[in-house]
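Below is one structure; the comments refer to it alone.
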Amino acid sequence: MPSTTPNIGFIGLGHMGSGMTRNLQKAGFSLVVTDLRPGAAAELVANGALWAETAAEVARLSDVIITMLPTPKHVEAALRGPNGILAGISPDATWIDMSTSVPDVAKSVINDPAFAGLHVLDAPVSGMSVGAANGTLQIFIGGESEDVIRMRPVLEAMGDPERILHVGGHGAGYAVKLMINQLWFSHLVATAEVLAVGTAAGVDLDVLRRSLIASPANSNFLEHDVLSVLDHGDYDEGFAIALACKDMGLYVDLSRTVGMPSELSALVEQIHRRARRAYGDTAGEMSAIRLYEDLLGVPLRLATADRKVSA
Ligand code: NAD
């Protein structure tokens, strides 16, 4: 990579990629972008980004290529074939995959002698589409230290510098991200169930939540994240439940690959898959809470005015 500001190629301009590219552009990086939906690039192109028809063309014109795609299959599709990244990438370029994926994706490239010399990082993120838009993502990086240091300015344009963590060798970033998601989606199911059962037992929802927060059973999910549902009935359509189920499936696959049991996670995954079936692929990632609301017969909502009075 030249010592001047690198040209960034970005593939995948969805809920996450759209905000991330806007922040790269704001930080002064030149962008070459592509997506299966050309309309997704309109604003970026109006602000000076170059549109490329294929991932290979993106790679040919870039020093650093970032992918932010839904699943490992999409990443493989963008990488390989005559129009793929690997057909256009220069031998000393850097590929950063920021999708939530599995260690095998990075390893298949690292271990392929045809791509010796290529710099590869896995750098998946947390922080939702809001964090992507605000440039406050948490980023978990797997790969070589020199590449992480070299790429820090690029990553800092998209994430919170305090929470950009180098977590190990190739694939470690993907693994940490899967652990984070699995624990968060487990908190979601446990919280929804407890709030629904407590409400059915006649306890006021606000009193119940406050009591739990004041107890050893408190969690970040209960204190903060669940409020988007309890306050506004917002199940976060910025992250589709189909992708959430993909992540939980990847976690269960990884536990199988490493030979560890994951009974609880397998059950949590099934509950989220039930919600996906009930409310559709594009329903928000927190839709499993709706399953419990439907069983209860009323939505779990706080009377905001009461909460303010007693706060
Ligand atoms: P999304 O479905 O909104 O966007 C994906 C984009 O990729 C779409 O615009 C699609 O057209 C494009 N695409 C798919 N295949 C392509 C290809 N071969 N070439 C070019 N473009 C292609 O997904 P998202 O919500 O932005 O999520 C992206 C990744 O980030 C996923 O791995 C997801 O698990 C992860 N993630 C999402 C969130 C969130 O809150 N949405 C949070 C953390 C991590």
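By convention here, the first residue in the shown sequence is residue 1. Just so you know, ligand 1 is whichever comes first in the structure, and atom 1 is the first atom listed for that ligand.
V130 forms part of no hydrophobic cluster, judged by ILVMFWY side-chain heavy-atom separations under 4.5 Å.
Remark: H187 engages no residue in a side chain to side chain donor-acceptor pair (under 3.5 Å) (not counting sequence neighbours).
The 4.0 Å heavy-atom shell around ligand 1 contains residues I11, G12, L13, G14, H15, M16, D35, L36, R37, M68, L69, P70, H74, S99, T100, V125, M128, S129, K177, G238, F239, L243, K246, D247, ordered by chain and number.
For residues 123-140, the set of pairs meeting the side chain to side chain donor-acceptor pair (under 3.5 Å) definition, not counting sequence neighbours, comprises S126-K177.
For the pair R80 and E76, the salt-bridge criterion is met [side-chain N within less than 4.0 Å of a carboxylate O].
Between F185 and H272, the ring center distance clears the sub-6.0 Å criterion.
Taking CE of M20 as the start and CD1 of I139 as the end, the distance is 6.5 Å to the nearest 0.5 Å.
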